[in-house]
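Inspection log for the structure reproduced underneath, given as structure tokens.
Predicted, not measured: the structure shown is a model, and the values here were computed from it. Indexing begins at 1, ligand by ligand and atom by atom, following the structure's order.
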Amino acid sequence: LPGGLSQVLSWAGLCQVLFAIFIGLAGVVAFCTVRLLARHVWYTHRLSCFSKPHADSWLLGHLSQMKRGEEGLHHTDKLVQTYKHSCYWFMGPFYHLVRVFHPDYNKPLLMAPANITVKDELFYGILRPWLGRSLLLSNGEEWHRRRRLLTPAFHFDILKNYVAMFNSSTNTLHAKWRRLVEEGEGNMEMFDHVTLMTLDSLLKCAFSYNSNCQESTSEYASAIAELHDLIIERRTKILHHWDWLYWRTRQGQKFKKALSVVNRFTREVVQRRRALISQQRETATQSDSTTEPRRRKDFVDIILLEKDDEGRGLTDEEIQAEANTFMFAGHDTTASAICWVLYNLACHTHYQEQCRQEVMDLMQGRDTEEIEWDDLSSLPFTTMCIKEALRLHSPVLAVTRKYTQDMKLPGDRTVPKGAICLVSIYGTHRNPAVWTNPQEFQPLRFDPANTRGHSSHAFIPFSSGPRNCIGQKFALAELRVVVALTLLRFRLTPGINPDLGTAPGEVRRLPLLVLRAEGGLWLQLESLTSHTSRDD
Ligand code: HEM
């Protein structure tokens, strides 16, 4: 010790100080533990109105019952069969979770006003470094403002323009598939190809950017795919949830690098577009009529022009967060939906034939194979098959919420404020109390003649209520274009996973951020005729 201090603090004094620090720290730990346990007891008491499946430990609760993959989904099936509408789980003394899987329970939770709904950090926090305070992750007034500003980008008049991009991206995919079939590689993994295709489409619609990512490596598209994979990996590693540690890991460094590629790209697009808009304004004031051909508006154009009630638009940083969110929320979900629709049709050839006939009737007498906006409403049976696949293999399996006030549910049950509610889309879609033969693929359930009895919250692949999916019409339009063109050009049968050596059509589902399949989803493709599809 420095001389002055050593005179003041003798060894005995030093020991006393250290002892006091130790007692202080022990006091803090004891206080936190008691608070945590008291909170645990309080939640356990408040949630006792819900059925509680057997927990392995009074402290750790259902932690050990959390299962991944196919086993996890079977476990959910059992919970749904046993408890029919809801049950309560806890994961250690930290997280108390109400799981609901019945329309009557989904409804009050999903329809609750957005100002009392909070996206919880446990499930969504991991996305924050990538998506910032964007629509998907924001709450309250901030969310309201963003939703108001972004909604025009998904208006029918705008979506119409995107159908041409869906056609062109699908043509590129099909040209690739046709080449593979000709080379004798008709047994194909779907997710890799289709995910690149939906990314290609979204880049065209969001930024008017022809990345060519289906044919060659694109820096931006690869960075998006990498961010996605890193998020999935981070979710499975508990220690990596701790930001301080994560940014020091190899994966954290890779994440930062990929994010900087993505952000640089968006920043440049936005800046160029702002400059173009102000240049166009100047030209417009100089001469009323312009002879320049009009470019189709993309997401960035629309978002840049929108203003809130106070005349404020989104800043470059806000647009960047929203663009990242569209990429994240839009490409993998739609790819999952497309793959599972094709899988279900491959497993049910009579429905596949019926859809194909519908598409062929629609295209009869045309000299181009282009699905147009007005065609989308002329594919009723194909749409039923798409909906049934979205029910059986919903890309998003659950959404979670917290509420800033107690929430009343049927049967005099109340979710206390602050508890996490997990609305199981998967559980609701496969609930035998809601659907007859829920495990079977029966598209006619969605025949308008049969949907009258459906509860409004029985079919919720896009969630529902104020925080439903803003991109659902976009996704449904893309799904119909891709499925219709695929059936026109290829016959699908269940494929064989060469690595797992499973029987044709046998898949083990894999819930990651969206529903995928272990080892991929394999289909056998046969080219139907040589069509004159354009390859963009
Ligand atoms: C089949 C495809 C899709 C499915 C199944 C799907 C599903 C969902 C679901 C379940 C939610 C609610 C998430 C939550 O509450 O945590 C959601 C929200 C959202 N989706 Fe989609 N989605 C799809 C396609 C798209 C597309 C194509 C876009 C954009 C281009 C998009 C953008 C968004 C956004 C921005 C939100 C947040 C909305 C808000 O909180 O206000 N989605 N989606």
Side-chain angles (χ1 to χ4, degrees), residues 106 109-112 114 117-127 131-140 142-151 153-154 158-159 162 165-166 169 194-195 197-199 201-207 224 298-300 302-303 318 321-341 386-387 389-402 420-426 428-429 457 459-483 511 513-515:
N106 300 342
L109 295 176
L110 294 178
M111 297 307 282
T117 308
V118 179
K119 291 280 181 90
D120 67 274
E121 285 297 307
L122 172 66
F123 288 90
Y124 296 91
I126 208 168
L127 300 172
L131 309 185
R133 299 155 72 87
S134 70
L135 189 64
L136 186 72
L137 302 183
S138 55
N139 294 309
E142 188 177 18
W143 170 81
H144 260 293
R145 173 172 177 267
R146 284 173 185 250
R147 184 93 186 193
R148 261 200 313 271
L149 288 170
L150 296 176
T151 299
F154 293 91
I158 305 295
L159 292 183
Y162 298 149
M165 333 281 189
F166 300 153
S169 301
V194 175
T195 305
M197 191 275 291
T198 52
L199 190 56
S201 271
L202 211 44
L203 285 170
K204 288 175 188 157
C205 300
F207 307 118
I224 292 278
D298 59 25
F299 279 131
V300 172
I302 316 269
I303 296 172
E318 287 171 331
E322 298 308 342
N324 287 350
T325 301
F326 288 171
M327 288 301 146
F328 167 76
H331 89 281
D332 215 25
T333 44
T334 315
S336 167
I338 293 170
C339 290
W340 288 109
V341 173
I386 290 174
K387 286 188 176 170
L390 283 171
R391 181 192 69 80
L392 206 53
H393 292 102
S394 194
V396 179
L397 287 118
V399 296
T400 61
R401 301 277 185 274
K402 273 187 185 177
I420 300 176
C421 297
L422 184 144
V423 178
S424 172
I425 298 175
Y426 173 84
T428 306
H429 285 180
H457 285 72
F459 179 61
I460 46 168
F462 299 102
S463 183
S464 77
R467 303 236 26 187
N468 69 353
C469 174
I470 198 170
Q472 61 181 293
K473 293 197 181 81
F474 178 100
L476 282 172
E478 183 166 12
L479 266 155
R480 275 179 282 191
V481 172
V482 179
V483 172
L513 290 175
V514 296
L515 185 67

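Side-chain N or O atoms of Arg391 include none that pairs as donor or acceptor with a backbone N or O of Pro461 at under 3.5 Å. Ser336 contributes no side-chain N or O that, together with a main-chain N or O of Asp332, makes up a donor-acceptor pair within less than 3.5 Å.
Summary of contacts: the protein heavy atom closest to atom 36 (C) of ligand 1 is Leu136 CD1, 3.9 Å. The closest protein non-hydrogen atom to atom 16 (O) of ligand 1 is Tyr124 OH, 2.5 Å.
A heavy-atom separation below 4.0 Å is not found between Thr400 and ligand 1. Ligand 1 does not have Phe123 within reach: every non-hydrogen atom of the residue lies 4.0 Å or more from it.
For Ile460, no heavy-atom contact with ligand 1 is shorter than 4.0 Å. With a 4.0 Å cut-off on non-hydrogen atoms, Val399 touches ligand 1 through its side chain and not its backbone.
Interface atoms of ligand 1 facing Trp143, defined by a heavy-atom separation under 4.0 Å, are 39 (C), 40 (O), 41 (O). Taking a cut-off of under 4.0 Å to the non-hydrogen atoms of Pro461, the atoms of ligand 1 that pass are 5 (C), 7 (C), 10 (C). Taking every heavy atom of Ala337 and a limit of under 4.0 angstrom, the matching atoms of ligand 1 come to 1 (C).
Looking at heavy atoms from C-beta onward, Leu392 lies out of side-chain contact with His429 at the 4.5 angstrom threshold. A 4.5 Å side-chain heavy-atom check between Tyr162 and Ile158 finds at least one atom pair inside the cut-off. At a threshold of 4.5 Å between non-hydrogen side-chain atoms, the residues Ile303 and Leu149 do not count as touching. Side-chain contact between Leu110 and Val399 is present, with at least one heavy-atom pair separated by less than 4.5 Å.
Comparing Arg147, Lys473, Glu478 against atom 39 (C) of ligand 1, the shortest heavy-atom distance belongs to Arg147. Remark: among candidates Arg467, Arg401, His144, Arg146, the nearest residue to atom 15 (O) of ligand 1 is Arg401, based on non-hydrogen atoms.
Heavy atoms from other residues, nucleotides or ligands lying under 6.0 Å from CZ of Arg133 number 12 at most. Annotation for Lys119: atom NZ counts as buried by contact number, over 12 foreign heavy atoms lying within 6.0 Å.
If you run side-chain contact (heavy atoms from CB on, under 4.5 Å) between Phe462 and each of Ile425, Leu390, Val396, Ile470, only Leu390 comes through.
For Phe474 and Phe166, the ring centers sit closer than 6.0 Å to each other. Residues Phe207 and Phe326 keep their aromatic ring centres 6.0 Å or farther apart.
At least one N or O atom of Lys119 sits closer than 3.5 Å to an N or O atom of ligand 1.
Side-chain N/O atoms of His457 and Ser464 include a donor and acceptor closer than 3.5 Å.
Around atom 21 (Fe) of ligand 1, the protein atoms of type N, O or S found under 2.8 Å away are Cys469 SG, listed by chain and number.
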